[in-house]
Protein chains: 2
Amino acid sequence: MKVGYIQASPIFGEKEKNFEQVKNLISDIKADLLVLPELFTTGYTFTSKKEAESFAEGLEGPTAYFLIELSKKINTTIVGGFVEKFKDEIFNSAMIVSRSEVLGVYRKLHLYNKEKLWFSPGNKPPKIYKIEDVNIGIMICFDWIFPETARSLALLGADIIAHPANLVLPYCQKAMVTRCLENRVYAITANRVGEEKRGDDHFKFTGKSQITSYNGGVLSSAPNNEIHVDFVDIDITKARDKNLNDYNNLFEDRHIEFYYNTDK
Amino acid sequence: MKVGYIQASPIFGEKEKNFEQVKNLISDIKADLLVLPELFTTGYTFTSKKEAESFAEGLEGPTAYFLIELSKKINTTIVGGFVEKFKDEIFNSAMIVSRSEVLGVYRKLHLYNKEKLWFSPGNKPPKIYKIEDVNIGIMICFDWIFPETARSLALLGADIIAHPANLVLPYCQKAMVTRCLENRVYAITANRVGEEKRGDDHFKFTGKSQITSYNGGVLSSAPNNEIHVDFVDIDITKARDKNLNDYNNLFEDRHIEFYYNTDK
């Protein structure tokens with residue numbers, strides 16, 4: 001199957017322009033899965049909860065509409081980040097859309113830094129979306145630093161982790177090699193580029209979007225300072241075989257009876 | 001405090017010569033914690049369970065005697081790997097010795113490849129050894145690929161993970177950067193060098209022993225093909241502060257209520 005990402009450069013607060021940017025980058029791509037950055041619709045650097053709220057939408061808002069149209073046009077599954085309003089809360093979420101349907105939404109569990117001032121942390125567990133025969137899990141940006149996120153998705157059966165991001169630090173890409181190795185899954189980290197100077201914050205987003213293989217290989221690595229689109233072919237059967245050699249199976253070899261009980 | 005490793009080149013089956021090698025490398029080092037490789041007393045490439053058993057010893061055998069003498073001589077705590085016999089089983093273990101005392105033994109939980117033919121997997125959970133004010137956890141080689149090992153040690157309070165190894169693959173050193181970052185602990189990976197050609201196996205051990213900092217920095221990196229000794233100063237108070245910034249604490253931010261339950 002063919003999977004890829006768009007490393008976009010969203011303009012803060014300009015949803016329509018950000019949709020347009022993505023649309024112009026797609027042209028006639030043929031792919032099975034496309035990952036867009038975290039908050040690709042709005043940009044990242046909110047200065048108040050009220051401001052973040054002003055961009056929030058549900059699963060029938062402009063982002064859903066845009067992604068549905070896009071996924072129909074290029075006949076693919078798309079995962080991309082947006083500000084979600086659900087009941088009285090707003091979340092840093094990623095929507096998964098396939099053909100004419102919103103399949104669901106992942107709400108970022110581990111909020112980074114001031115995100116905690118605007119967003120509520122995800123209120124539901126990681127989940128797998130099965131599309132044809134492919135199991136897709138979603139995590140967002142800072143979720144990478146908690147090994148339990150990717151581990152949970154892999155144990156739930158993920159073949160691929162779609163990983164929208166807005167990275168400002170240099171650690172994630174190497175860590176994704178470890179995440180994929182330890183779980184034998186593929187991952188698509190779709191980061192953004194560009195700068196945002198708002199309020200007290202000045203963020204420079206670091207690009208280097210990455211497609212990481214089940215064996216830790218880096219299948220695609222974007223530049224750090226420009227918009228970039230890439231797709232690669234992957235073989236998901238590789239991600240289903242957790243055997244490292246004749247004696248070791250990464251899941252069966254776990255000694256959960258001796259691990260520190262996370263429920264303590 | 002000062003911590004370090006000896007990247008030795010054990011000679012298969014020659015305990016006395018392997019002790020001598022280590023002794024000659026120590027000279028007048030002053031350190032608080034010294035880590036030796038996995039199975040530094042015997043070498044690695046056994047060809048039968050019987051052969052491995054023939055080198056097995058308890059906590060009052062020649063390895064304990066040697067490490068006690070050594071730790072008295074240089075006034076330090078030492079962690080090093082050996083073949084342990086306990087009741088009717090043998091384990092790939094690491095002993096922790098401080099001054100005149102064997103404090104305990106860690107039995108490798110995740111056995112690699114044919115080790116499963118000779119050794120029983122560890123039969124007790126990871127544990128912390130408190131020496132003066134420092135909390136030391138132990139894991140052995142392939143344990144690195146299971147994020148639960150380092151995570152368990154960190155949640156139990158480890159400041160430093162002593163990590164004896166006999167690595168033949170190139171992934172561990174980068175993964176240890178992730179392990180230390182995600183847990184904000186120090187780690188000392190003491191690998192070995194040299195080759196062993198025995199039975200059907202031919203292993204080339206890959207050196208590159210590494211001391212990794214709580215923030216993912218590499219404080220020491222040994223060459224890949226020669227015996228090497230190194231020590232660095234570390235500040236364990238850094239490993240006790242799990243705050244990344246004003247808003248994020250790596251342990252408090254865990255959303256264990258949504259992680260895949262490892263007891264399932």
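Sequence lines set the chain letters: A, B, ... in the order given, protein chains first and strands last, and positions in each chain run from 1. Here the structure is a predicted model, which means the values were calculated and not measured.
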Partner chain B: residue of A:L111, A:L109, A:N113, A:T149 with the largest heavy-atom pair count (under 4.5 Å): A:N113

Straight-line distance of B:R254 CZ to A:H110 NE2, nearest 0.5 Å: 8.0 Å

Contact class of A:D246 relative to chain B, heavy atoms under 4.5 angstrom: neither

Atom CZ of B:F12: over 12 foreign heavy atoms under 6.0 Å: yes

Polar side-chain atom of A:N248 near backbone of B:Y112 as donor-acceptor pair, under 3.5 Å: no

Proximity breakdown for A:N215 and chain B, heavy-atom pairs closer than 4.5 Å: backbone

Heavy-atom pair with the smallest gap, counting every atom of A:L250 and B:F142: CD2-CZ, 4.5 Å

Exercise: identify the closest heavy-atom pair between B:F258 and A:G122: CE1-O, 3.4 Å

B:D200 CG: over 12 foreign heavy atoms closer than 6.0 Å: no

Proximity breakdown for A:T178 and chain B, heavy-atom pairs closer than 4.5 Å: side chain

Option in B:L181, B:N183, B:L244 with maximal non-hydrogen atom pairs under 4.5 Å from chain A: B:L181

Between B:K114, B:K174, B:E115, B:R151, the one whose heavy-atom pairs under 4.5 Å with chain A are most numerous: B:R151

Under 4.5 Å from any heavy atom of chain B - which part of A:L117: side chain

Pair B:D253 + A:K116: basic N to acidic O under 4.0 Å: yes

NZ/A:K130: more than 12 non-hydrogen atoms of other groups inside 6.0 Å: yes

Heavy-atom neighbours of A:K197 NZ exceed 12 at 6.0 Å: no

Salt bridge present between B:R179 and A:E182 (N-O < 4.0 angstrom): yes

A:K204 atom NZ: more than 12 heavy-atom contacts under 6.0 Å: no

